[in-house]
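Everything below concerns the one structure shown next.
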Amino acid sequence: MRVVGDRMLILVLLWVTLLGYPGTNPVRAQSTATLEGLDLSRIEVRVLAPVAVRERLLSRVQALFARAGLPLGAARAGVPDKPPAPMLSITINPQLLHEPCRDKALYIKKLELFDLVLIPRNRVVLSDSVWWTGPGYSVRGPIPFSQMESDVEDLVGRFISAYRRANPGTTFESAGQEPEALYQEAQAEFPPRSESLTAGGDAGLAHLSLEALRVSVMAGRVSDRLTGRAIRQLTEAGVPVPSRPRGDAPVTLGAEFIQQSVAAHCPGQVLYEAGLYLVEEVQLERNPQVRIWSDTWARNSVQVVPPRAVHEIEADQDALLAQFVRGLQAR
C-alpha cells in the first residue's frame, strides 16, 4: 500500500554528512547560507493541507510573517501547475490510513524552501529543496485544527529565526541595490547554464561520469549485503561501478531502506521509507558561491506496512536500480 511519495531529505543529509566527502566544503541544506540575500517579497508561498483548512492556515502564515515585518510574495493554498522558484512550501497534511491503522493518520509536517540549483558537471538547473525543517513523517491519532495551527506557527517561527540570522539588520530597501542586480553580479563569474528543468525527471543524469560514481546502501544490518547486490546489478546492466571513484567531484548513488516501529498506533506495522538518490555538490543559482549537497536524481516512497523482510527489501532495491538504469540509457 503506497501512501505517499516524497524526498527523504533528513536521512539523505545525515548520510552525506557521515560520508564526509574529502576536498569540498558544501553546506547542509539546513544552513542559513541558503537564505542569505533571499527577497521574501519575490517568492511564492504555498500551503499543502486538507482542503477544509488550507485557506485558514495560509492566512495564519501570512499573519505570522506580517507580524515579523517580513513581506511575502504571492500565496497559494494548493499545488501550483509549475512549481516556481524560490517557493516556500508548508505541509501540514494528515493522510488517513486503513486497517490495521483505522482512525490513524500518516502526518506530514514540514517546511521547505525550494530554489534553483545548478549542477556544475552538466550546467543543468533544477528546482530543489535548499532549506527545510521538520520533523517530516509520523503516525498520529486524530489531529485537531488547533494542533495544525500550532504546528504551522512552530515551522514558520523556525524559518523566520533562521532568515533573520542569515540577514542580520539588512533589508532590501536599505541595501542600496536591488536583489536582481546582486544575483547578476554573482552569476557573472560563472558560464551560462544549458537548460532549466524541474526536479523529478532524468535531466540530472546528463553527462554523469560513471568513473566518479560510488554506491552506498543504508539498511541496518543488511547494508553491506545490499551494497554488494546493487553493484552486481549495475555491472550486469552495463553500469560498472569503480572500486575507487576518480575525480574531485564525487557522486554517490545511495539507497536507503529505513523501518521505524509505529506499534503504539498501528500494531504490527512500521513506517517504511525506501529511496534511491544520486547525491552530489550543487550551486545555488541565485548565489553560486553557496554550495550544498543535493539529490539531483531521486525515486522514493513512504509507506505504513508490515515489517519488510530482507527479500522484500532486495526486490524494492532492484526496482529502484532498474529505474536508474533506464534513466541512464535514456539520457
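If you read the sequence from its start, that first residue is 1, and numbering goes on from there. No experiment lies behind these values; they were computed from the predicted model shown.
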Under the criterion side chain to side chain contact (heavy atoms under 4.5 Å, CB included), I'd like the reasoning laid out for T34 against V290: C-alpha separation, chi angles, the key distance, then a yes or no. CA-CA 7 Å; T34 59; V290 175; 4.2 Å; yes
Worked check of side chain to side chain contact (heavy atoms under 4.5 Å, CB included) between V239 and T235: CA-CA 5 Å; V239 185; T235 301; over 6 Å; no
CA sep, side-chain torsions, deciding dist, call: E314, R229, side chain to side chain contact (heavy atoms under 4.5 Å, CB included): CA-CA 8 Å; E314 289 177 338; R229 183 185 181 90; 3.7 Å; yes
Output, in order, the C-alpha distance, side-chain angles, deciding distance and verdict of side-chain hydrogen bond (donor to acceptor under 3.5 Å, both in side chains) for T133 and R158. CA-CA 8 Å; T133 186; R158 295 185 203 177; 2.8 Å; yes
Evaluate side chain to side chain contact (heavy atoms under 4.5 Å, CB included) for W131 paired with L38, printing each intermediate quantity in order. CA-CA 12 Å; W131 192 92; L38 176 66; over 6 Å; no
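Note on ring orientation: taking the six-membered ring where Trp is involved, the planes of F257 and Y272 are parallel (angle under 30°, cut-offs 30° and 60°).
Taken to the nearest 0.5 Å, the OG1 atom of T296 stands 8.5 Å off from the CG atom of D128. The OH atom of Y277 sits 10.5 Å away from atom CE of M218, with the distance rounded to the nearest 0.5 Å. Atom CG of residue D295 and atom CG of residue L276 lie 10.5 Å apart, to the nearest 0.5 angstrom. One finds the CD atom of Q260 at 12.0 Å from the OH atom of Y137 (value rounded to the nearest 0.5 Å). The distance from the NE2 atom of H98 to the CG atom of D103 is 11.5 Å, given to the nearest 0.5 Å. Here CD1 of I92 is found 11.0 Å from CD of E149. Values are rounded to the nearest 0.5 Å.
Side chain of S89 to main chain of R46: no donor-acceptor pair is present (N/O by atom type, distance under 3.5 Å, no hydrogens or angles). Between the side chain of Q259 and the backbone N or O of R308, at least one donor-acceptor pair lies under 3.5 Å. Listed for the T252 side chain is no donor-acceptor partner under 3.5 Å among the backbone atoms of G254. Without hydrogens or angle criteria, S150 side chain to S146 main chain gives no donor-acceptor distance under 3.5 Å. Formation of a donor-acceptor pair under 3.5 Å by the R291 side chain with backbone atoms of Q283 is not found in this model. The main-chain N or O of L88 is never found under 3.5 Å from a side-chain atom of E44 such that the two would form a donor-acceptor pair. Using modelled atom types, one side-chain atom of E312 and one backbone atom of A309 make a donor-acceptor pair closer than 3.5 Å.
Two residues are said to be in side-chain contact when any heavy atoms from C-beta on lie closer than 4.5 Å; P50 and N93 meet this criterion. Within the 4.5 Å cutoff, the side chain of L97 has heavy atoms near those of the L106 side chain. Residues R60 and E153 form a side-chain contact, since some pair of their non-hydrogen atoms from C-beta on lies under 4.5 Å apart. Residues Y107 and V139 are not in side-chain contact: their nearest non-hydrogen atoms beyond the backbone lie 4.5 Å or more apart. A heavy-atom distance below 4.5 Å is found between the side chains of C101 and V304.
Nearest heavy atoms, Q62 versus L72: CA-CD1, 4.4 Å. In terms of heavy atoms, V251 sits closest to L208 at CG1-CD1, 4.0 Å. Across all non-hydrogen atoms, the minimal contact from A255 to Q317 is CB-OE1, 4.1 Å.
For E112 and K110, the salt-bridge test passes: some basic side-chain N is under 4.0 Å from an acidic carboxylate O.
When only modelled atom types and interatomic distance are considered, S41 and D39 share a side-chain donor-acceptor pair under 3.5 Å.
Only one option out of E211, E280, E281 pairs with R121 in a salt bridge (charged side-chain N to carboxylate O under 4.0 Å, His left out); it is E280.
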